Amino acid sequence: MNQFQYVRPAEVPAAAKAFTKGPNTHFLAGGTNLIDLMKMGVVVPERLVDINHLPLKKIEKTPGGISIGALATNTEVSIHPLIKESFPLLSLAINAGASPQLRNMATVGGNLMQRTRCPYFFDTTMPCNKRVPGSGCGALEGINRMHAIFGASDKCIAVNPSDMNVALTALDATVHVTGLKGKRAIKFADFHRLPGEHPELDNTLQKGELITSVDIPVSPYNKNVHYLKVRDRTSYAFALVSAGVALNIENNTIQGARLAMGGVAHKPWRLTETEAFLKGKPVSLDVFKQASQIAMQGARAYEYNKFKLKLAPNTILQALTTAAGLKA
Amino acid sequence: MSGKKSNNPSDSEEFLNGTRRDFLKKSSLLTAVALTPGRVVKAAEEQWDEKIAGVFEKVSLHLEVNGVKHTVAVEPRVTLLDLLREQLHLTGTKKGCDRGQCGACTVHVNGVRVNSCLSLAVTNEGKKITTIEGLANGDELHPMQEAFIEHDGFQCGYCTSGQIMSAVACIHEGHAGSEAEIREHMSGNICRCGAYPNIVNAIQAVKNGGQS
């Protein structure tokens with residue numbers, strides 16, 4: 001690992017300041033992704049700003065919902081009574097990711113900042129527009145089995161690897177950030193971006209902006225939920241496809257639906273058209289089958305990930321039927 | 001066991017005048033020392049004053065390992081795993097993948113299991129670390145260590161320290177209720193020999209009060 005300057009600020013404003021001035025700087029939280037990337041030479045910071053001492057760990061009720069401090073660990077969130085009661089989809093999604101050891105270290109803010117697991121991004125001998133803009137995309141005509149089927153560009157077909165993000169986008173979370181220019185709130189759906197011409201940008205954060213909390217509004221989506229993750233081994237692997245589903249069912253009618261997919265796009269993939277289709281429909285296998293097809297509109301596969309065109313709708317269908325308590 | 005009997009490593013001759021690698025670090029340190037005053041002043045102005053280390057500088061770190069307090073000097077890029085093995089000579093914790101994928105380096109930090117290969121040592125200021133060397137009570141093995149022997153929970157043994165540290169945490173967390181739950185919550189520890197069924201048996205035996 002290359003050497004770097006190490007700074008440990010005690011206050012949020014000082015952290016932002018340490019970031020914006022001087023050399024190539026990164027915030028360090030749980031480190032489960034960044035330290036790995038530094039060992040591989042994929043990310044080579046000249047300065048690390050250790051934010052672990054900042055007071056950003058609280059999980060608490062707010063007038064409109066629940067606020068999760070950016071430094072709360074994945075484990076702390078997934079087992080928290082408020083989260084389990086109000087947002088069980090989030091607990092399920094977090095527990096589907098990584099291993100217990102990693103979840104004990106990884107933070108909520110860090111999970112949002114997690115880089116793609118595309119092997120061409122990790123291999124510094126390969127071209128990758130995300131790692132070295134303009135160098136090309138090794139995955140486009142390479143081994144692209146794990147890659148995107150939605151929203152990709154000819155510059156990048158990598159996917160966002162997070163499970164937690166799938167739940168947070170479905171639950172309409174808001175990301176609160178602080179930078180030198182002050183505070184602002186970013187809708188979760190606007191936080192991560194599609195690759196377009198600039199795959200080196202994973203998200204819409206400005207330089208030096210620090211995630212301080214993720215807020216989730218109260219909603220009726222805490223009963224009929226399911227997170228289904230399909231992967232190459234039973235546990236501890238990144239998703240080929242995952243589906244997060246939350247339904248608000250009254251008298252066998254779907255009052256509202258929240259759906260998102262993971263492992264299929266450069267950002268957690270919210271399925272708003274499918275949600276609109278489901279609203280007002282009766283709970284039935286036939287409706288869910290139609291929904292799973294609507295979810296696939298605009299999908300495009302590459303040489304080695306064509307299986308996802310079949311796997312993705314099947315995953316949604318099964319997640320919907322399980323969430324609704326139907327026997328498929 | 002060296003951690004328990006050793007004095008503060010930073011005070012020892014061995015630590016100060018050890019290897020060629022240390023010599024090289026100290027050569028670099030001379031450059032850093034020359035830079036220090038201005039940088040520290042700047043740090044204070046910027047309110048970074050709690051802790052700052054230059055590129056070649058070592059940071060003073062206090063932590064407790066297996067009940068023994070240590071004050072050590074580490075470069076910011078040193079992982080907790082390397083600190084334990086290379087500076088504190090607690091080599092029971094193994095380096096497998098060094099990337100958080102295998103679990104061989106699992107230790108407990110403030111009672112919680114983590115991958116020590118992905119944790120920078122400097123981020124563990126004031127924390128309590130338990131390694132495999134800290135589980136036994138003198139010559140009396142921890143029940144999980146006994147159970148791994150009893151149930152043949154290993155072949156080559158390389159992953160075993162991590163497996164045992166994880167297994168102890170798995171029960172503490174309340175995740176040892178069934179074989180499926182144990183397998184899910186032990187999934188961060190890979191065993192290339194494939195001793196998984198016996199590892200599960202060992203954990204179940206401890207969970208059930210040591211009955212095998």
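All figures in this text were calculated on a predicted structure; none of them were measured in a lab. Naming: A, B, ... by sequence-line order, numbering from 1 per chain.
- For chain B, no part of A:M38 is nearby; none of its heavy atoms comes within less than 4.5 Å.
- A donor-acceptor contact shorter than 3.5 Å is absent between the side chain of B:R99 and the backbone of A:D36.
- A:N104 CG to B:N110 CG: the interatomic distance, rounded to the nearest 0.5 Å, is 11.5 Å.
- Atom-to-atom distance recorded for B:R113:CZ and A:R103:CZ is 8.0 Å, nearest 0.5 angstrom.
- Taking every heavy atom of both residues into account, A:Y236 and B:G100 meet most closely at OH-O, 2.6 Å.
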Would you check, one step at a time, whether the test side chain to side chain contact (heavy atoms under 4.5 Å, CB included) holds for A:Q5 with B:E57?
CA-CA 9 Å; A:Q5 193 185 56; B:E57 198 178 343; over 6 Å; no
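- Looking at B:V122, the atoms closer than 4.5 Å to chain A (heavy atoms on both sides) sit in the backbone and in the side chain alike.
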Decide side chain to side chain contact (heavy atoms under 4.5 Å, CB included) for B:N115 and A:T32; before the verdict, give the C-alpha distance in whole Å, the side-chain angles of both, and the deciding distance to 0.1 Å.
CA-CA 9 Å; B:N115 297 119; A:T32 55; 6.0 Å; no
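- Within 6.0 Å of the NZ atom in B:K128, the count of heavy atoms belonging to other residues, nucleotides or ligands does not exceed 12.
- The heavy-atom pair separating A:M1 from B:R77 by the smallest distance is O-NH1, 2.5 Å.
- Closest of all the heavy-atom pairs between B:E184 and A:N95 is OE2-O, 3.9 Å.
- In this structure, the side chains of A:K39 and B:C117 come closer than 4.5 Å at one or more pairs of heavy atoms.
- Contact of A:I79 with chain B is not made at all, since no heavy-atom distance falls under 4.5 Å.
- Heavy-atom distances place the side chain of A:L48, and not its backbone, under 4.5 Å from chain B.
- Across all their heavy atoms, A:Q101 and B:G103 have their closest contact at NE2-CA, 4.4 Å.
- In this structure the side chain of A:L102 reaches within 4.5 angstrom of the side chain of B:L118, judged on heavy atoms.
- In this structure, chain A has heavy atoms under 4.5 Å from both the backbone and the side chain of B:T123.
- Per-residue heavy-atom pair counts under 4.5 Å with chain B were compared for A:S99, A:G30, A:S235, and the maximum is reached by A:S235.
- Side-chain contact check for B:H175 versus A:P100: every heavy-atom pair is 4.5 Å or farther apart.
- The number of heavy-atom neighbours closer than 6.0 Å to CZ of B:R192, taken from other residues, nucleotides and ligands shown, is 12 or below.
- Residue A:Q318 places its CD atom among 12 or fewer non-hydrogen atoms of other residues, nucleotides or ligands, all under 6.0 Å distant.
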